[in-house]
Amino acid sequence: MRTASVIVDLPTRQTNQPFTYLIPDDLLDFNLLGHRVRVPFGKRNLMGYVVAVGQSERSDFQLKKIESIIDEKPVLNSEMLKLSEWLSNYVFSYRVQVIQTILPNAFKPKYLKGLKIVDQVPEKIKENIFLNNQEIEFLPKNYTSEQIKVINSLIRQGKIVQTTTIQKKNKGKKVKVLSNNLNDNDIATNLNKKSLSDSQKKLLIFLSGHRDGFFQVKELAEILDISKSTILTAEKKSWLKKSEVRMTRNPVKKIAVTKTNAVELNSDQKKVFNSVESAITKNENKTFLLEGITGSGKTEVYLQLIEKTIAQGKTALLLVPEIALTPQMIRLVKSRFLDSVALLHSGLSDGERLDQWEEIRDGKIKIVIGTRSAVFSPLTNIGLIIMDEEHETNYKQEDNPRYHARDIALWRAKYHQAVTLLGSATPSLESRARAQKGIFKLLTMNHRAVSGAKLPDVSIVDMREVWQKEHADNDFSPTLLKKIEERKENHEQTILLLNRRGFSSFVMCRNCGYVPRCPNCNLSLTLHMGSHSLKCHYCGYEEAIPKKCPVCGSPQIRYVGTGTEKIETKLNSLVNGIRVARLDQDTTKRKGSLEKILRDFGKGNYDVLLGTQMVAKGLDFPDVTLVGVINADIGLNLPDFRSGEKTFQLLTQVAGRSGRAGKTGEVIIQTFNPDNYAIKLAADQNYEGFYKTEMSIRHIADYSPYYYTIQVGIDGPDQFPASRAIDEVAEFIKPKLAKETIVLGPTPKAIAKLRNRYYFQIILKYKKDPNIESTLSELQTVFGEKLPKDIYLSIDRDPVSFI
Ligand code: ADP
Ligand code: ZN
Ligand code: ZN
């Protein structure tokens, strides 16, 4: 008997294993591996993925049969089947969740609930509920409670049953097209008719010249300059034949570019290129870490390596941290490689994503550029995987499955005997440490690529002194303000960074110190001048700005800290006629608005680009000669061992936006902690110095990369049961772990309450612990299964944030 092992679409402990099904006769000739199938499971019908096929001699019990297949082609190839198995163990996630993460959203099944008559039912029921059908779709909300009662009683009597059908979502967009339905004779006859209008004549002549081909109504009307109704009449007369074709939605096609060619590499770039190229040619499974200062021309190296890779008949994957912030990157790739490029990121519609995915799967694509989840794109024969800005935390998924794209990239490169190139001006400490140990090969580029361009001059302004002299609410030091004015006079541009990681502008009573907080999350509410309200940035809770302090009644309740809106207003009042473009969550909510702001800034329509973290990354504007950091400190004191690293990365990245095209750049960093090592070393643009200092700190405190970390979390709607559960987690795992493994906690998380849930954590630190994986997977299964329904357990390997 031929059988198939199927992972069913039910993420629970008991179902986290393949189930064996019989392959029905009509599918015996079919290779089912990697297919989506419909299978009976208990009382229902589920979708499943075939992860293995085989034989079974067992006849002692009745195997159920696969009902049908869903798609013509498999959705998982053998690489993805192996990857999903490895990954689900690695990140402690159910295999079906991993599979659904690997696949585009459009493959998520849609279940339709239904009712079916299987025995005699009263005529009235047949008429009113079943509308004289044998089977209907059933949505309880469409029925009265009386009707539901009747239905339930008939179900109990076994006269009707509940059914589920699995629907295929998103079959691709179909469009109506018309084609020629006349032969030469018909056309001649019609052309001779006296009653013919000019438009009809045009159409017939067009048809005589277009035997084949499909045209949309609108398209034909435009080509021939005739009305749509003429065309529809012709369709009625059967001059034209109607049909439907599948339209491929392609986000790359929309980007208009002119073809560019490779530029001559400088000597730094050449060295890097040669090392990586040689590994690609030899099919070596090697990982390179490219540490190249901002503006050193990493992108050109990437492009030329991709070109080499596809010239050798292989494919290439280019990962970027965030598409919206790297429009220039997509443009560059597309203009070099035109239509062999596919684009995958979360801003696409499900349909666009599916179509891009299918083109890749069908081998029509040589190069994929995309964000985190593009690391799963079904390229075969991969020769090169590039991960730009490899230190970015966007590469880690914060929800289940909590994977890091770098881990997947390395796994896939090994599978394909391919090369991985990790690039950054400020590599993560983990990657840089691996390069130190020789696991990755370190390559460096220390000069800016554009001839004459140097790293900008950076100076630190001590805001403590400024505040002592000036009015105590000043965000702009006189130094920074003067330089912004100078740039405006010289028709040069400024980028201003307002660091807002963590807690931002809030309201405080100057009399008693009261701060309004979110009733759900207990975080201070952020002030929004636009809507005159206080908002919680985590759960969206909103209330009016109080006029008087609710505790002491004082009218001295005012805002503290700084938001982009406030800085914008202030700058407008301080510098006459200054044109400020603001880039933050509020101004970029609408689709396309971010691109527009960046385009307008690039055209010189603004003097200043003011924004949060968004302005720090990837932007390459030649007229920007000043970068100002309004508050470098926010984030330094967060309860996270990476706060120094994150501050250093942010400051270095944003400083790198200045003086990229030959004009000397300048950077002003305003800070209350001018002696902090991360700020000082960022001002010196000294990554290697930072790496050494930070490594010694991590060494003393036993943190990554010296130790691996895993965060085990519990959250629940009530404080006490959740805190009891985390204590039980600790009791459960502690005796099973190696003696050397360090267990921190249990403690409440840094944000202990969020959206009405309480969060607790345990942090495990270890170098080598042979028991850790088995212990945690046992925790997840044995222990996790006993938890009350509303309490969740989470396991996060190598967490990138502890807040
Ligand atoms: P990075 O990504 O390392 O910060 P980019 O790739 O953005 O740097 O390159 C910075 C600038 O240098 C770009 O404007 C790019 O066109 C230019 N550039 C890159 N390579 C060369 C080269 N070999 N010759 C001249 N200009 C170059
Ligand atoms: Zn008060
Ligand atoms: Zn809230």
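In each ligand, atom 1 is the first atom listed, and ligand 1 is the first ligand listed. Values below: every heavy atom of this structure, side chains too, minus hydrogens, waters and symmetry copies.
- A 4.5 Å side-chain heavy-atom check between Y90 and H404 finds every atom pair outside the cut-off.
- Screening residues 275-299 for ring-ring contact (aromatic ring centres under 6.0 Å, His included), with sequence neighbours left out, gives no hits.
- Interface atoms of ligand 1 facing N266, defined by a heavy-atom separation under 4.0 Å, are 23 (N).
- Below 3.5 Å of separation, one finds an N or O of G297 facing an N or O of ligand 1.
- Residues L681 and E694 form no side-chain contact, since every pair of their non-hydrogen atoms from C-beta on lies 4.5 Å or further apart.
- Atoms of ligand 1 lying under 4.0 Å from at least one heavy atom of V450, given by number and element, are 11 (C), 12 (O), 17 (C).
- Nearest protein heavy-atom neighbour of atom 3 (O) of ligand 1: K298 NZ, 2.9 Å.
- In this structure, atom 13 (C) of ligand 1 has a protein heavy-atom contact shorter than 4.0 Å.
- Within the 4.0 Å heavy-atom criterion, the part of Q269 lying near ligand 1 is the side chain and not the backbone.
- For the pair R642 and R698, the minimum side-chain heavy-atom distance is below 4.5 Å.
- When only interatomic distances are considered, the shortest N/O to N/O separation between G295 and ligand 1 falls below 3.5 Å.
- Not a single protein heavy atom sits closer than 4.0 Å to atom 16 (O) of ligand 1.
- Note: no N/O pair closer than 3.5 Å links E300 and ligand 1 by distance alone.
- Sorted by first and then second residue, the pairs that involve residues 586-628 and meet ring-ring contact (aromatic ring centres under 6.0 Å, His included), not counting sequence neighbours, are F601-F621.
- E645 and Q649 are linked by a side-chain donor-acceptor pair at a separation below 3.5 angstrom, with hydrogens and angles left out of the test.
- What sits closest to atom 24 (N) of ligand 1 on the protein, heavy atoms only, is E264 O, 4.0 Å.
- The D620 neighbourhood of ligand 1 comprises atoms 7 (O), 13 (C), 14 (O), with distances under 4.0 Å to a heavy atom of that residue.
- Interface of I293 with ligand 1, defined as ligand atoms under 4.0 Å from a residue heavy atom, comprises 3 (O).
- Contacts of R660 with ligand 1, taken as heavy-atom pairs under 4.0 Å, involve the side chain alone.
- Taking the side chain as every heavy atom from C-beta outward, T371 and N394 never approach each other to under 4.5 Å.
- Aromatic ring orientation, Y403 versus F376: perpendicular (interplanar angle above 60°, classes split at 30° and 60°).
- Near T299, meaning under 4.0 Å from one of its heavy atoms, ligand 1 places the atoms 2 (O), 5 (P), 6 (O).
- In this structure, the side chains of I668 and S459 come closer than 4.5 Å at one or more pairs of heavy atoms.
- Near T294, meaning under 4.0 Å from any of its heavy atoms, are these atoms of ligand 1: 4 (O).
- The existence of a salt bridge linking D475 and K566 is confirmed by a sub-4.0 Å separation between a basic side-chain nitrogen and an acidic carboxylate oxygen.
- Distances below 4.0 Å separate heavy atoms of A449 from the following atoms of ligand 1: 12 (O), 18 (N), 19 (C), 20 (N), 21 (C), 27 (C).
- Using a 4.5 Å cut-off on side-chain heavy atoms (C-beta onward), K646 and L650 make no contact.
- Heavy-atom distances between G292 and ligand 1 stay at or above 4.0 Å for every pair.
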